[in-house]
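Here is the structure we will look at.
For reference, positions follow the sequence shown, starting with 1. Because the structure is predicted, anything quoted here is derived from the model rather than measured.
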Amino acid sequence: MKFKLGLVCLFAALISFSVVASDRLVVASWNVENLFDTEDDPLNEGDNGYTPRGWMRWTNARYALKLRHLADVIVRMRPDILGLMEVENRRVLEDLVRTLKEKHGYEMPHIMHRDGDEKRGIEVAILSKHAAVATNWIQSVTGQREVLVCEFVIDGRSLTLLANHWKSQLGKKAESDEIRRLEALGVRSYLDKRLASDPAAALMVAGDFNDSPSSPILVEAAGFALDKRRVLNDSSGRLLYNLTGALPEGKHGTYYYAPKKQWSVLDAIVVSRGMLAEAEPGAPWKVVQGSYEIFKSKEQCDKEGRPLPFRRVRSKSVGDVYYTGYSDHFPVRVTLKAR
């Protein structure tokens with residue numbers, strides 16, 4: 001009798017665990033800093049430095065180490081869906097997926113990516129445990145990186161993720177600002193169309209926006225608010241909540257710009273109003289309170305707590321040094337719960 005009772009309890013516990021596991025979802029985003037293979041692509045001038053004879057002395061051994069380091073962090077984050085920025089092509093994504101599986105037994109078999117016409121030869125992509133039911137691309141400015149839009153239906157619940165990598169601030173400020181503004185408006189147009197047909201849609205906008213979360217480009221052009229109450233009280237339903245607003249003051253930084261000794265908040269995850277726990281009507285997925293974070297471990301940081309990059313550096317202060325870290329950006333992640 002005791003044996004049978006024990007089996008019943010074990011069976012009930014396994015059912016309970018499977019229910020808990022299936023109604024949670026981890027979504028993450030990471031700029032992985034120039035993930036190139038070692039081969040010279042004659043159609044991609046941006047990869048010239050990432051060959052064994054190029055500036056980065058990008059050997060097969062260094063490439064393999066970079067993949068292992070990225071896989072080490074990804075497996076600690078345990079994402080179900082992962083947006084990636086600064087990847088060269090599908091091959092590097094396949095190599096990363098293979099490294100995850102062979103080294104850690106962690107599978108993310110679904111790759112969403114396509115080659116674009118961006119001048120540096122780097123693109124956005126999404127890796128996932130789940131297949132996308134629809135994939136679209138937004139390009140607001142010719143020659144700039146596209147926005148990848150993937151819709152998933154998981155256990156009957158729809159979720160859409162937009163992976164972004166907007167124009168950097170290099171060059172003339174007015175020109176780079178205008179490009180990012182146009183990119184923001186392109187995303188905004190897509191969001192408006194989706195929300196017009198379904199105000200409670202679960203929409204997530206993630207990536208490297210290359211701008212401050214309080215900038216007019218993010219707040220006004222894109223409609224990404226840092227104040228949750230403002231989003232909840234927005235009668236139009238257009239505003240999205242930038243989860244950076246949930247982080248404590250002074251702990252927002254995802255990128256450190258060494259020449260100016262300055263922290264920046266370039267990376268973020270933004271969610272539609274319906275994904276907030278307090279929202280009515282609610283989206284199929286809601287953000288778990290307190291789960292949004294800038295993910296960093298001791299190994300990812302230098303002695304000052306800054307992101308440890310993977311690149312060759314030559315300067316008067318340090319000389320010629322090769323850092324074999326992870327990325328010059330920290331990833332961000334959030335946990336979702338099914339309603």
Side-chain angles (χ1 to χ4, degrees), residues 29-67 69-71 74 82-99 111-127 135-150 162-172 175-176 178-180 182-183 186-187 206-211 255 257 266-267 307 309-314 322-329 331:
S29 176
W30 195 10
N31 180 325
V32 291
E33 190 193 12
N34 294 318
L35 182 55
F36 286 88
D37 61 30
T38 61
E39 296 180 9
D40 183 19
D41 180 354
L43 299 179
N44 180 10
E45 293 182 4
D47 79 342
N48 291 347
Y50 285 84
T51 62
R53 294 185 177 182
W55 157 252
M56 285 294 170
R57 300 296 187 266
W58 200 239
T59 63
N60 287 327
R62 282 179 172 144
Y63 173 54
L65 180 59
K66 169 88 171 182
L67 289 170
H69 279 191
L70 295 179
I74 291 169
L82 172 64
L84 295 172
M85 294 81 225
E86 293 200 11
V87 297
E88 179 187 11
N89 52 33
R90 190 176 183 89
R91 177 199 164 178
V92 300
L93 295 164
E94 291 172 345
D95 288 346
L96 179 57
V97 167
R98 182 165 51 251
T99 303
I111 299 173
M112 281 65 73
H113 165 268
R114 78 174 183 184
D115 291 325
D117 59 0
E118 196 271 342
K119 296 174 183 177
R120 278 187 60 206
I122 52 173
E123 306 298 339
V124 299
I126 291 176
L127 302 183
T135 303
N136 293 291
W137 300 85
I138 302 169
Q139 186 175 45
S140 304
V141 182
T142 301
Q144 299 300 316
R145 292 173 286 266
E146 297 174 302
V147 177
L148 169 55
V149 183
C150 286
L162 286 72
N164 299 256
H165 187 189
W166 294 0
K167 174 70 174 69
S168 75
Q169 297 192 32
L170 293 176
K172 295 180 180 179
E175 292 179 3
S176 67
E178 178 60 13
I179 291 173
R180 284 195 306 284
L182 292 173
E183 289 172 321
V187 169
D208 177 358
F209 299 103
N210 268 315
D211 215 330
Y255 175 81
Y257 187 52
L266 304 183
D267 311 86
F310 198 123
R311 63 170 178 252
R312 183 184 179 193
V313 175
R314 179 182 289 170
Y322 213 112
Y323 295 107
T324 53
Y326 296 78
S327 169
D328 55 359
H329 289 246

- Message: My understanding is that only one of Leu266, Val187, Asp211 makes a side chain to side chain contact (heavy atoms under 4.5 Å, CB included) with Trp166; could you say which?
- Response: Val187
- Query: Under 3.5 Å, is there a donor-acceptor pair between the side chain of Glu33 and the main chain of Phe310?
  - Reply: yes
- Nearest non-hydrogen partners of Ala125 and Val87, listed with the distance: CB-CG2, 4.0 Å
- Message: If you count heavy atoms of other groups shown closer than 6.0 angstrom to CD of Glu178, is the number above 12?
- Response: yes
- Message: Whether the side chain of Glu88 engages the backbone of Asn34 through a donor-acceptor N/O pair (distance < 3.5 Å, no angle test) should be reported.
- Response: no
- Message: I'd like to know if the side chain of Tyr63 reaches the main chain of Leu35, judged simply by a donor and an acceptor atom lying under 3.5 Å from each other, with no hydrogens or angles considered.
- Response: no
- Item | Ile111 versus Glu94, closest heavy-atom pair with distance | CD1-CG, 3.8 Å
- Item | His69: partners by ring-ring contact (aromatic ring centres under 6.0 Å, His included), with sequence neighbours left out | Tyr326
- Would you say Lys167's side chain and Glu175's backbone share a donor-acceptor pair under 3.5 angstrom? no
- Is Ser327 reaching over with its side chain to a backbone N or O of Asn31, donor-acceptor style, under 3.5 angstrom? yes
- Query: Do you know the tightest heavy-atom contact between Asp208 and His329?
  - Reply: OD2-CE1, 3.3 Å
- Message: Going by salt bridge (charged side-chain N to carboxylate O under 4.0 Å, His left out), name the pairs with one or both residues in residues 111-124, residues two or more places apart or in two chains.
- Response: Glu86-Arg120, Arg114-Glu146, Glu118-Arg145
- Message: Pairing donors with acceptors under 3.5 angstrom, does anything connect the side chains of Asn60 and Thr38?
- Response: yes
